[in-house]
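The structure appears below as structure tokens.
This one's a predicted model, so the numbers in the text were calculated from it and none came from an experiment.
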Amino acid sequence: MIETTEAGRMNMVWEAETGKESDEMKVGWINQRNQGAFHTLLLPEVSSALDRRERVTVLGLTEGEMACGALAAWAEREGSLSIRSLYVAPPYRRRGGGRMLVTTLCNLAGAVCDRVQCGYTQTLPEHEGLAPFFTAMGFQREEEEGGIYLVKVGELERFPFLQPVHEASQRVAPFSQLPLELLKETYKKTLVTGENYLEVPLTHPTVNQDVSVAVLEDRQIRSFAVLTHDTPGWVTLAWVKSAHPQDLPALIRSAFVRLRAAYPPDTVLVIRAVHPVSARLAQTIIPDVPSVSRMFVRNLVKQ
């Protein structure tokens, strides 16, 4: 991770490379001492990371004494730095501030990292400008193994795969009808076998017990589908584990029938595909819905 105690070093790097433009905007470090000036420009997770003194790189953009932009990056894996937050206040956009933040990060990262990357979900109109921005900054689009898919609950009925099948639904039970100890035991087993894709137990309040469903065999959970709701207006198909091929269609159809009954039509369903298999599942369920996840990468030359 990039570290320094010289708060002015970032400004000197930028001034040496750009000259007059730095008279208007400057880039410097954000730390515990000055983060208050940038609090409206930082994601809560970034502020929390600074409070906990985590190894996070946070840069600030200023014009005079006004804080107008911020960038935060974490070490994603060995040799890679991941931009997790990039924001410039609207009145200061299209003046090179975002370019200054990313350029400064890449210049400093070149001494210790092989590449800088930025992954994001394109869910808002302002996100449409990110692809051409990163391309102009020397980043290249990289295809992900999985992806994130968004569709409104009211649109689910138009997909053929999701049409209810009465015979299959009889084999599936919602979590709310299962013993809590059975759900706890199932979650522990996935932790032991390394199959876990959920950060919270199956009994956690964010897991919708009426919509999440399971197939049982010999009083044990054989397969299941987990849907979570930790954000108002959004519900996530967070985890599907199918021990038998015939369980998968029944799980998905039953869960989505319950989903349509439990949530308003404008609720956004999020399907997170964490690997190629789950991506193919998402494309089978909602075949004409594209992934909204994007990944851009810039390979660096070691300095």
Side-chain angles (χ1 to χ4, degrees), residues 2 41-46 49 56-59 61 69-90 92-94 96-107 109-110 113-152 155 197 199 228 230-231 233-240 267-300:
I2 306 167
L41 307 172
L42 298 173
L43 292 175
E45 64 183 83
V46 177
V56 55
T57 297
V58 191
L59 308 180
L61 180 72
L71 178 153
W74 272 263
E76 193 72 18
R77 56 183 175 80
E78 185 177 355
S80 180
L81 195 63
S82 180
I83 298 173
R84 300 273 291 276
S85 173
L86 173 61
Y87 184 78
V88 176
Y92 299 89
R93 293 176 184 173
R94 300 188 181 279
R99 178 167 55 84
M100 291 172 65
L101 286 166
V102 174
T103 298
T104 305
L105 179 71
C106 290
N107 286 344
C113 298
D114 295 322
R115 72 182 210 165
V116 173
Q117 64 187 42
C118 183
Y120 64 94
T121 55
Q122 187 169 312
T123 57
L124 299 173
E126 63 180 13
H127 294 163
E128 296 177 2
L130 288 175
F133 168 78
F134 281 115
T135 300
M137 293 292 300
F139 287 70
Q140 294 186 345
R141 175 79 180 271
E142 185 174 275
E143 294 299 328
E144 297 184 273
E145 292 185 345
I148 298 176
Y149 302 81
L150 306 181
V151 62
K152 290 188 176 181
E155 299 177 9
Y197 291 100
E199 295 181 354
T228 60
D230 52 358
T231 303
W234 296 69
V235 60
T236 301
L237 179 62
W239 188 10
V240 178
T267 303
V268 177
L269 170 65
V270 182
I271 299 179
R272 299 185 183 277
V274 296
H275 46 65
V277 174
S278 55
R280 288 195 294 271
L281 172 61
Q283 292 159 9
T284 298
I285 298 172
I286 46 176
D288 60 353
V289 177
S291 170
V292 297
S293 58
R294 305 285 184 268
M295 175 65 72
F296 283 86
V297 176
R298 176 171 166 177
N299 293 317
L300 304 175

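A heavy-atom distance below 4.5 Å is not found between the side chains of Val270 and Tyr149. You'll find the side chain of Glu126 reaches within 4.5 Å of the side chain of Arg93, heavy atoms only. Under the 4.5 Å side-chain criterion, counting only non-hydrogen atoms from C-beta, Ile271 is in contact with Ile286. Proximity of Val235 to Val268: side-chain heavy atoms (C-beta onward) are nowhere separated by under 4.5 Å. Counting heavy atoms from C-beta outward, His127 and Arg294 have side chains that stay 4.5 Å or more apart. Using a 4.5 Å heavy-atom threshold, the side chains of Phe134 and Leu86 count as touching. At a threshold of 4.5 Å between non-hydrogen side-chain atoms, the residues Gln140 and Met295 do not count as touching. Side-chain atoms of Thr57 and Leu105, non-hydrogen and from C-beta on, do get closer than 4.5 Å to each other.
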**OP:** Evaluate side chain to side chain contact (heavy atoms under 4.5 Å, CB included) for Trp234 paired with Thr267, printing each intermediate quantity in order.
**Re:** CA-CA 6 Å; Trp234 296 69; Thr267 303; 5.8 Å; no
**OP:** Begin from the C-alpha positions of Thr236 and Arg272 and carry the test side chain to side chain contact (heavy atoms under 4.5 Å, CB included) through to its verdict.
**Re:** CA-CA 8 Å; Thr236 301; Arg272 299 185 183 277; 3.9 Å; yes
**OP:** Begin from the C-alpha positions of Leu71 and Val102 and carry the test side chain to side chain contact (heavy atoms under 4.5 Å, CB included) through to its verdict.
**Re:** CA-CA 8 Å; Leu71 178 153; Val102 174; 4.0 Å; yes
**OP:** Apply side chain to side chain contact (heavy atoms under 4.5 Å, CB included) to Leu61 and Met100, showing your working.
**Re:** CA-CA 8 Å; Leu61 180 72; Met100 291 172 65; 4.3 Å; yes
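Summarising the geometry of Gly97 relative to Val88, their closest heavy-atom pair is C-CG2, 4.3 Å, with the distance given to 0.1 Å. Annotation for Ala73 and Val56: closest pair O-CG2, 3.5 Å, computed over non-hydrogen atoms. Closest non-hydrogen pair, Gly147 versus Ser291, comes out as CA-OG, 3.6 Å. Here the shortest heavy-atom pairing between Met137 and Arg298 reads O-NH1, 2.9 Å. Closest heavy-atom contact between Ala75 and Leu81: N-CD1, 3.9 Å. Across all their heavy atoms, Ala70 and Leu41 have their closest contact at CB-O, 4.0 Å.
Residue Ile285 holds its CD1 atom at 13.0 Å from CZ of Arg280, rounded to the nearest 0.5 Å. Taking CD from Gln117 and CG from Asn299, the interatomic distance works out to 10.5 Å, rounded to the nearest 0.5 Å. From Leu300, atom CG reaches atom OG of Ser80 across 9.0 Å, with rounding to the nearest 0.5 Å.
With sequence neighbours left out, the side-chain contact (heavy atoms from CB on, under 4.5 Å) criterion links Ser85 to Leu43, Val46, Ala72. Partners of Thr121 under the side-chain contact (heavy atoms from CB on, under 4.5 Å) rule, at least two apart in sequence or in another chain, are Thr123, Ile148, Val292.
Taking the six-membered ring for Trp and the full ring otherwise, Phe296 and Phe139 have centroids separated by 6.0 Å or more.
Around the CD atom of Glu155, the shell of radius 6.0 Å holds more than 12 heavy atoms that belong to other residues, nucleotides or ligands.
Not one N or O on the side chain of Ser82 forms a donor-acceptor pair closer than 3.5 Å with the backbone of Arg84.
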